[in-house]
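Whatever order the structure lists them in is the order used to number ligands and atoms, beginning at 1. Numbers for residues simply follow the sequence, beginning at 1.
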Amino acid sequence: MGSGPAGMSAALYAARANLEPIVLTGMNLGGQVANTAEVENYPGFPEGIQGPELVDLFQAQAERFGAEFVFDNATEVDFSKRPFKVSSYSGDYQAESLILATGASVRHLGVPGEEEFTGRGVSYCGTCDGHFFQEKDLIVVGGGDSALEEGIFLTRYAKTVTIVHRRDELRGGIYLENKARENPKISFMWDTIVTEIHGDKSVHAVTLQDTKTGEEKEHPIDGVFVFIGHIPNTSLFEGVLDMDERGYLVVDSHMHTNVPGVYAAGEVADPHFQQIVTSAGMGGAAAMEAVDFLEE
Ligand code: NAP
């Protein structure tokens, strides 16, 4: 279940072991990588590679060995007996083993105006929406790698990009931090949160609050890009599979969940690394464990 790097790699390894895996892709084929402009840290591509192109290569490689991709979303999973039953919009599937690679979804700010102006100035994807903001003034909310990477990407189109972060220290890595600091279109606003988004047909301002003094001010802006982390997609597994306090699936070092024959890989089970390369590795490992389980 899932078609990000973890699901794709699991499919490749399972297919090469002649298991004839079915990949229920979810509604966003390729997962978060599909929304990434440039991937510079996946080994094997010294010049970098576009996210959607990497997704195509992942899929082609898994299909070459017989993985079957079904563009569909799981709606319910019955873990109570084997074969496990996975219900989806198009029907039911039976599986002797399951690899859960359902990834994570973007976290929202939860402030007034955010939902109302999503698609009209509020966005969670620079690659998807950046080109609508030619020569515009944008803010990017967040202080992690996504905010930095997407902020840099958005300078291709925008006149200015202000990265608004709730603390005075970034969470993202030094390479992206330096790249952002060197970019003349990017500036930083520290110790600041967005408390409201205003507009009419589209966004024209935000209310910003200084987290130290509590002082609020209105700030004119054309677009708000939000990159404040993710929430693991685990709602289908609640009450059955072990999760940590943040909702990530708990797996052991061999990707085993608490149900024999059910494995989890990638960001749904990884609150820490959340990289394409680590997710791909987890997916391959989960499939190898599934192979052993089925052989036994
Ligand atoms: P992240 O590392 O969890 O960072 C989220 C940022 O949003 C943090 O700076 C956090 O502030 C801030 N934040 C969280 N909730 C907020 C709220 N309600 N209001 C305002 N700010 C809020 O998430 P991410 O940047 O999406 O990265 C996720 C993972 O993917 C990381 O492991 C990252 O390294 C990886 N990634 C890697 C690359 C790359 O290597 N090129 C690119 C993108 C992502 P605090 O810092 O105060 O907590």
Which residue holds the protein heavy atom closest to [atom], what is that atom called, and what is the gap in Å?
{"atom": "atom 18 (N) of ligand 1", "answer": "I228 CD1, 3.7 Å"}
{"atom": "atom 30 (O) of ligand 1", "answer": "Q274 O, 3.4 Å"}
{"atom": "atom 41 (N) of ligand 1", "answer": "E149 OE2, 2.9 Å"}
{"atom": "atom 46 (O) of ligand 1", "answer": "R167 NH2, 2.8 Å"}
{"atom": "atom 32 (O) of ligand 1", "answer": "F273 O, 3.2 Å"}
{"atom": "atom 38 (C) of ligand 1", "answer": "D145 CB, 3.7 Å"}
{"atom": "atom 39 (C) of ligand 1", "answer": "N41 ND2, 3.5 Å"}
{"atom": "atom 8 (C) of ligand 1", "answer": "R171 NE, 3.7 Å"}

Ring-ring centroid check Y263 H256, cutoff 6.0 Å:
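Yes, the ring of Y263 comes within the 6.0 Å limit of the ring of H256, centre to centre.
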I want to know whether Y124 and H108 have ring centres closer than 6.0 Å.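 Distance test on ring centres: under 6.0 Å, yes.
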Side-chain H-bond candidate by donor/acceptor type, T195 with E216, under 3.5 Å: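 Distance-only check passes for T195 and E216.
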Student check: side-chain heavy atoms of [X] and [Y] closer than 4.5 Å:
{"X": "Y175", "Y": "E40", "value": "yes"}
{"X": "S123", "Y": "V224", "value": "no"}
{"X": "V140", "Y": "V164", "value": "no"}
{"X": "H230", "Y": "R107", "value": "no"}

Go through the steps to decide whether E177 and R171 satisfy the test salt bridge (Lys or Arg N to Asp or Glu O under 4.0 Å), and finish with yes or no.
CA-CA 9 Å; E177 174 173 344; R171 181 176 292 281; over 6 Å; no
Self-check item: Within-shell test, E150 vs ligand 1, heavy atom, strictly < 4.0 Å
Solution: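 It does not; every heavy atom stays at 4.0 Å or beyond.
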Can you tell me if H165 contacts ligand 1 (heavy atom of the residue under 4.0 Å from the ligand)?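 Contact check H165 vs ligand 1: positive.
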Selection from [options] by shortest heavy-atom distance to [atom]:
{"atom": "atom 12 (C) of ligand 1", "options": "E169, E267, Q275, R166", "result": "R166"}
{"atom": "atom 9 (O) of ligand 1", "options": "G143, P271, G110", "result": "G143"}
{"atom": "atom 24 (P) of ligand 1", "options": "G144, G173, A104, S146", "result": "S146"}

Establish, for the pair R181 and F188, whether the NZ or CZ atom is under 6.0 angstrom from the six-membered ring centre and no further than 45 degrees off its axis.
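Cation-pi check for R181 and F188: passes.
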#### Entry: Part of E40 with heavy atoms under 4.0 Å of ligand 1, whether side chain, backbone, both or neither
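For E40, there is no contact with ligand 1 at all, from either part.
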